[in-house]
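Working notes, beginning with the structure itself.
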Number of protein chains: 2
Amino acid sequence: MKLTSKGRYAVMALVDLARFNNINPVSLRDISLRQGISLDYLEQIFSKLRKKEIVQSVRGTQGGYILNRKAKEIKLTNIFDAVDEKVKTVQCKKDSKKGCNGRSTKCLTHNLWDELENHINNFFEEKSLEDLIKDNIERRV
Amino acid sequence: MKLTSKGRYAVMALVDLARFNNINPVSLRDISLRQGISLDYLEQIFSKLRKKEIVQSVRGTQGGYILNRKAKEIKLTNIFDAVDEKVKTVQCKKDSKKGCNGRSTKCLTHNLWDELENHINNFFEEKSLEDLIKDNIERRV
DNA sequence: TAGATACTTGACTATTTTAGTCAGGTTTAT
DNA sequence: ATAAACCTGACTAAAATAGTCAAGTATCTA
């Protein structure tokens, strides 16, 4: 059970963006250098974040990205959703042949996996970008 | 972020085992048929469960497996640990080059990933095999 | 208006992980 | 003896991951 780097990078990049987002947009190049993430990969990630209206792009020289909503209103769940990072415990939902159906004792653990998914998703729904930044500042002090 | 089938199957198989474990050991063949999991794959999984002393094997005809501890004392975390299903959010811990170190703004989200891991692991530490069986029986009634 | 900076898009690919299979054992009840 | 069941290690196809690469377009600044 692991988080993919796409989801992790997306969060890292947005925290970076939120912290350095004073007046000017932040370029991916800067984020790439600061966070050690390949520029090309960041571009893929930000393309998705833009489509989900989490960031706005500013083209041209001195361009970059800015947050499209307040940090408080961007939850982890929005970010993960944008980059297709999903919590999947089981195939049952998509593929009815595998998993549950047609077995004599049915899916004895079906309920467990639902609970687990909810447990994890709750965490993602509660945490906002603002929480992360605050948390980080507090730790420095 | 997804659960692998090895972890899922291990739990499914153990719930099955616990339910059908009256006096006699339960054969993998039966579990395989009831849960729709390949026998060869189950053997791999049970080999690991045995090494971690979660189950005991009974060889020979009429053999099979029995739980090595009370269902109450087998937590999900023990099961996942046995089959190498780990919660990993980040590489920092193993590979110091990637992730945190040497970056100018350090790992802004390091704390987040730790929190996430703990959140998930707590779930696994609290749930026992007994909980799963009880839960299942209640639902039938 | 030339050139640099930075966003935009889509195709491509090496590596790793997953989810098994397969083959050949050993043990023990009947 | 023999069949049922455990035991072990090697192997592999397919999928997912984690990117790279190439060829743009838009906009600011000198």
Side-chain angles (χ1 to χ4, degrees), chain A residues 1-10 12-13 17 20 24-33 35-52 54-66 68 80 83-91 94-95 97-99, chain B residues 1-10 12-13 17 23-33 35-52 55-66 68 80 83-86 88-91 94-95 97-99:
Chain A
M1 182 148 224
K2 66 171 202 270
L3 196 68
T4 66
S5 73
K6 203 163 232 167
R8 188 156 34 86
Y9 287 170
M12 287 167 66
L17 175 57
F20 290 89
N24 303 317
V26 180
S27 73
L28 291 190
R29 193 173 158 278
D30 286 352
I31 296 177
S32 165
L33 291 172
Q35 301 300 326
I37 303 168
S38 130
L39 180 58
D40 283 316
Y41 205 21
L42 273 179
E43 278 167 353
Q44 276 186 41
I45 292 168
F46 273 75
S47 163
K48 292 177 183 228
L49 293 174
R50 192 172 57 84
K51 276 174 191 151
K52 292 285 183 168
I54 290 170
V55 295
Q56 259 190 344
S57 68
V58 179
R59 301 187 73 152
T61 315
Q62 304 300 319
Y65 286 91
I66 53 174
N68 197 31
F80 286 146
V83 298
D84 300 310
E85 176 87 45
K86 284 182 195 116
V87 178
K88 279 192 289 186
T89 53
V90 95
Q91 273 79 16
K94 284 196 175 171
D95 179 1
K97 274 185 296 180
K98 281 228 165 192
Chain B
M1 180 147 226
K2 66 169 203 272
L3 196 70
T4 66
S5 73
K6 204 164 231 166
R8 189 157 33 88
Y9 286 170
M12 286 167 66
L17 175 57
I23 305 146
N24 302 317
V26 179
S27 73
L28 292 190
R29 194 174 158 279
D30 287 351
I31 296 178
S32 165
L33 290 172
Q35 301 300 326
I37 303 168
S38 128
L39 180 59
D40 283 315
Y41 204 22
L42 274 178
E43 276 168 355
Q44 276 186 42
I45 292 168
F46 273 76
S47 163
K48 292 177 182 227
L49 293 174
R50 191 173 57 84
K51 278 174 191 151
K52 292 287 181 165
V55 295
Q56 259 190 345
S57 67
V58 180
R59 300 188 74 154
T61 315
Q62 304 302 318
Y65 286 92
I66 53 174
N68 198 31
F80 286 146
V83 297
D84 300 311
E85 176 88 45
K86 283 181 195 117
K88 279 192 289 186
T89 54
V90 95
Q91 273 80 18
K94 285 197 174 170
D95 179 1
K97 275 185 294 179
K98 281 230 164 189

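Chain identifiers are assigned alphabetically (A, B, ...) following the order of the sequence lines, protein sequences preceding nucleic acid strands; residue numbering begins at 1 within each chain. Only this structure's heavy atoms are used, side chains among them; waters, hydrogens and symmetry mates stay out.
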Between [X] ([atom1]) and [N] ([atom2]), how many Å, whole number?
X       : N      : atom1 : atom2 : answer
A/Ile37 : D/dG19 : CD1   : P     : 9 Å
A/Lys86 : D/dA15 : NZ    : C1'   : 16 Å
B/Ile45 : D/dT8  : CD1   : P     : 15 Å
A/Gln62 : C/dA4  : CD    : P     : 15 Å
A/Glu43 : D/dT25 : CD    : C1'   : 13 Å
A/Asp40 : D/dG24 : CG    : P     : 16 Å
B/Arg29 : D/dA3  : CZ    : P     : 15 Å
A/Phe46 : C/dA6  : CZ    : P     : 14 Å

Aromatic ring pairing B/Tyr41/B/Tyr9, orientation class (parallel under 30°, perpendicular over 60°, tilted between):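 Answer is perpendicular, since the angle exceeds 60°.
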
Nucleotide nearest A/Lys2 when distance is taken to its side chain, options C/dC7, C/dT17, C/dT8: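 It is C/dT17.
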
5' priority, DNA chain D, between A/Thr61 and B/Val58 [closest heavy atom]: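 Looking at DNA chain D, the more 5' nearest nucleotide goes with B/Val58.
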
Donor-acceptor pair under 3.5 Å, A/Gln44 side chain vs C/dT8 base: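 Per atom types, no contact qualifies.
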
Side-chain-base donor-acceptor pair under 3.5 Å for B/Arg59 and C/dT26: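 Yes.
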
